[in-house]
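Since the structure comes first, as structure tokens, the remarks are kept for the end.
Sequence lines set the chain letters: A, B, ... in the order given, protein chains first and strands last, and positions in each chain run from 1.
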Amino acid sequence: MHAKDSILGGLNERQTEAVLATDGPVLILAGPGSGKTRTLTARIAHLIQKGVLPERIIALTFTNKAAEEMRARIKSLLGAEHIPYGALFVGTFHALCVRVLRQHAVALGYSPHFSIFDDDDALGLIKEGMKGEGINTKQFPPGMIRNVISGLKNELISPERYADEAGSDMFPKTVHRVYRAYAERLKESNGMDFDDLLMNVAVLFERTQNVLSAYQERFLYIHVDEYQDTNHAQYTIVRALAQKHRNIAVVGDDAQAIYGFRGADFRNILNFEKDWPDAKIVVLDENYRSTQTILDAAREVISKNTFKKEKKLWTKQGKGERLTLTAAEDERGEAEYVADSVRSLHKEGAKLREVAVLYRTNAQSRAIEEAFLERDLPYIIIGGIRFYERKEIKDIIAYLRVLTNPQDLVSLKRIINTPPRGIGKISFLSYLSRDTKGDMRHTKKEAALAAFEDLISDLRSTLVRMQPSDFIKYLVKKTRYREYLDDGTQNADERWENVEEFVSLAARYNDLSPEEGIKKLLEDAALLMENEPGESAGERVTLMTVHAAKGLEFSTVFIVGLEEGVFPHSKSLFSPKDLEEERRLCYVGLTRAKKRVYLSFALRRMRFGGIEVNPPSRFLSEIPEELLHVPERDLDEITID
DNA sequence: GTTTCTAATATTTTT
DNA sequence: TATTAGAAAC
């Protein structure tokens, strides 16, 4: 057997060290392009090869994509036959938590069929809660309150505990009232939001020692990817799981922490050595991706941050080309510059799939898109509205949720009048409060309600005897959903296509029993939000936010909109902490590039319907001049800065 | 009860 | 500028 050679083969000294340090706590500080995933997967493969049972190993990621990639790599290292299906847990934190919670829902006061509410559902419930409490939504924007509540949940602060901390100030008091009302409504609907999935598991582990012990015994070897992105709840879960056997390996890079706004706390990675004093630290600083010039530029930028772990990336590759810096008149000029450059690169033989255009905000994609369209350059925009977030898909999902979780008021509310069937808001309330007067069918509304109930019970009995995809077809037909969509607007066709897409997506679950299939479908719909199902990269340029680019690499990277107020974003300009996150974001953008980087900014820019004039981004002046190449015609604009 | 219009609002968002 | 949520009108 040469499996061992193939697992360790090709790894550098440090990577090998990280792979072989299987017992005890290990912190792997992995710079961009340093073979982080490779090391992590080799480590797991090595454990299995050493004889550790796959079911005793867990690897936690943040995205399904990362989990998939890891699984694939482990398989190719070991050969698929060595891993019994489902034995090795490689998945997201949320997926793990759902699995735990379906087991232990009752102990926490939920039914095992609980619904998972996305951010939209959550916001709706928060608004309801605010209305119920008589709180002015103008004075307290619901979205902002939701963020605060989300932050509290990430910090594992319950409404009760927050009551003590809130004091008598207006704002915290209001937040507390909404938080309490929101939590009640969630419970009433037997639903959890994304934050609850984590918080409830953390609470379960804390309260129920025997449950925790069982998982501690099950997961002897714990791995966490992107550790800098963990929030306090995730940190608590990992710590609890690892407490007993202490075989915990975390991988991450504090310099790439860009999700602070979502509750991620990169101090978790900075404090790892304090949490686990005997931790072995491995620094992966050899970069296999970029030229030294790109690495130097990135390093200069990130060095302006104060809170960080020192590490200097190096590469065996040569210096490579300088970064190109260009000024444009406005965002259209910038987009044309990008598109023209891509076109000439393409003519010189560059592959379009190896080119990415990165921007700070999604709205910036528009100008780029137009320039690409004009030149017939193929592109794909990553991000924006996700498939499962589309109205039509959410409608169908709401039906399925009501069928599987009868308590789900959020979904019931969504479908009771979708398509319109003559049941209004008032009767919705009476629908909930009435139980004895079910025979009162004399009014129109009562008749409509009765018809709705018949529909639901018909659907419920049909669900168990049809394959998921057939059932959804049946559901759509029965509810005359297509007629409802067909309102004459130009989106109607597209919406219907999405419904059809959803049907074929549901066919993936046809092998399971009808009920199991629908349940799994719902779970995946909530937890693996894919962008465009079935859309592959192909030979085209990728347009996306810098956030979305994390973990990816391209030969050529354009970073556009490098202006004060755009990148760094205006909302971060007055907070040193936020500015540091912007800087890390810039670092992430730069280090996506293998060979070439094009930086650009616009002198004027249309934003929010007006014209803005912003100076070039401070990040540009943080890159040493000798690493930059500035086309002559732009010299004036740039030296003015 | 449903449609249409107005007015407010506009980072990033792995789940 | 574009979207979208909530109010007024049908």
(Q) Rounded to whole Å, how long is the line connecting atom CZ of A/Arg360 with atom C1' of B/dA10? (A) 13 Å
Q: Determine the minimum heavy-atom distance between A/Leu579 and A/Ser572, stating which atoms define it.
A: CG-O, 3.5 Å
**Q.** Length of the CZ-P vector between A/Phe266 and B/dT12, whole Å
**A.** 22 Å
(Q) Using the side chain to side chain contact (heavy atoms under 4.5 Å, CB included) criterion, which residues pair with A/Asn362? Sequence neighbours excluded. (A) A/Tyr359, A/Thr545
(Q) Applying the 5.5 Å / 30° rule, does A/His94 stack onto the base of B/dT15? (A) no
Residues 584-593 of chain A side chain polar contacts: donor-acceptor under 3.5 Å, at least two apart:
unit_1: A/Arg584; atom_1: NE; unit_2: A/Ala257; atom_2: O; d: 2.6
unit_1: A/Arg584; atom_1: NH2; unit_2: A/Ala257; atom_2: O; d: 3.4
unit_1: A/Arg584; atom_1: NH2; unit_2: A/Glu581; atom_2: OE1; d: 3.3
unit_1: A/Thr591; atom_1: OG1; unit_2: A/Tyr587; atom_2: O; d: 2.8
unit_1: A/Thr591; atom_1: OG1; unit_2: A/Val588; atom_2: O; d: 3.1
unit_1: A/Arg592; atom_1: NE; unit_2: A/Val588; atom_2: O; d: 2.7
unit_1: A/Arg592; atom_1: NH1; unit_2: A/Leu552; atom_2: O; d: 3.0
unit_1: A/Arg592; atom_1: NH2; unit_2: A/Gln256; atom_2: OE1; d: 3.3

Would you tabulate the pairs of protein nitrogen or oxygen atoms and nucleotide nitrogen or oxygen atoms of nucleotides 5-8 of chain C closer than 3.5 angstrom?
unit_1: C/dG6; atom_1: OP1; unit_2: A/Lys127; atom_2: NZ; d: 3.2

Q) How close or far is atom C1' of B/dT13 from atom CG of A/Asp193, stated in whole angstroms? A) 15 Å
Q. Would you say B/dT15 has OP1 or OP2 under 4.0 Å from some side-chain N or O of A/Asn231?
A. no
Q: In whole angstrom, give me the gap between the P atoms of B/dT13 and C/dT4.
A: 16 Å
Q: Please determine if a side-chain N or O atom of A/Asn64 lies less than 4.0 Å away from the OP1 or OP2 oxygen of B/dT15.
A: yes
Q: In whole angstrom, give the distance that lies between atom CZ of A/Phe261 and atom C1' of B/dT13.
A: 4 Å
**Q.** Heavy-atom closest pair, residues A/Gly31 and A/Ser34
**A.** O-OG, 2.6 Å
Q.
I need the CD-P distance between A/Gln364 and B/dT12, as an integer number of Å.
A. 9 Å
(Q) Output the rounded distance in Å from CG (A/Asp195) to C1' (B/dT13). (A) 12 Å
Q. With respect to the side chain of A/Pro420, which nucleotide from B/dT3, B/dT13, C/dT1 is positioned closest?
A. B/dT3
Q.
In whole Å, I'd like the distance from the NE2 atom of A/His547 to the P atom of B/dT15.
A. 14 Å
Q.
Give me the distance, rounded to whole Å, that separates C/dG6 from B/dT11 when you measure between the C1' atoms they each carry.
A. 24 Å
Q) Can you tell me how far P in B/dT12 sits from the matching atom in C/dA5, rounded to whole Å? A) 16 Å
Under 3.5 Å, N/O pairs linking protein and nucleotides 4-6 of chain B:
none

Q) Between A/Tyr484 and A/Tyr481, is the gap from one ring center to the other below 6.0 Å? A) yes
**Q.** Selection residues 360-369 of chain A - residue pairs positive for salt bridge (Lys or Arg N to Asp or Glu O under 4.0 Å), sequence neighbours left out
**A.** A/Arg360-A/Glu582
Q. Has the side chain of A/Arg366 got a donor or acceptor atom sitting under 3.5 Å from an opposite partner on the base of C/dT1?
A. no
Q: For A/Met144 and B/dA8, give me the distance from atom CE to atom C1', rounded to whole Å.
A: 17 Å
Q.
Is the distance from the ring center of A/Phe62 to that of A/His94 below 6.0 Å?
A. no
**Q.** All pairs passing side-chain hydrogen bond (donor to acceptor under 3.5 Å, both in side chains) where residues 142-153 of chain A contributes a residue, at least two apart
**A.** A/Ser150-A/Asp195, A/Lys153-A/Asp193, A/Lys153-A/Asp196
Q: Please work out if A/Arg421 contacts a base, only the sugar-phosphate, or nothing of the nucleic acid, heavy-atom cut-off 4.0 Å.
A: sugar-phosphate
(Q) Using OP1 and OP2 only, check whether a side-chain N or O of A/Thr545 sits under 4.0 Å from B/dT13. (A) yes
Q: Indicate, with a heavy-atom threshold strictly under 4.0 Å, whether A/Phe93 touches base, sugar-phosphate, or nothing.
A: nothing
Q: Just say parallel, tilted or perpendicular for the rings of A/Tyr388 and A/Phe502, cut-offs at 30° and 60°.
A: perpendicular
Q. Counting side-chain heavy atoms from C-beta on, which of B/dT11, B/dT13, B/dT15 comes nearest to A/Ala548?
A. B/dT13
**Q.** Distance-minimising heavy-atom pair for A/Ala602 and A/Glu334
**A.** N-OE2, 4.2 Å
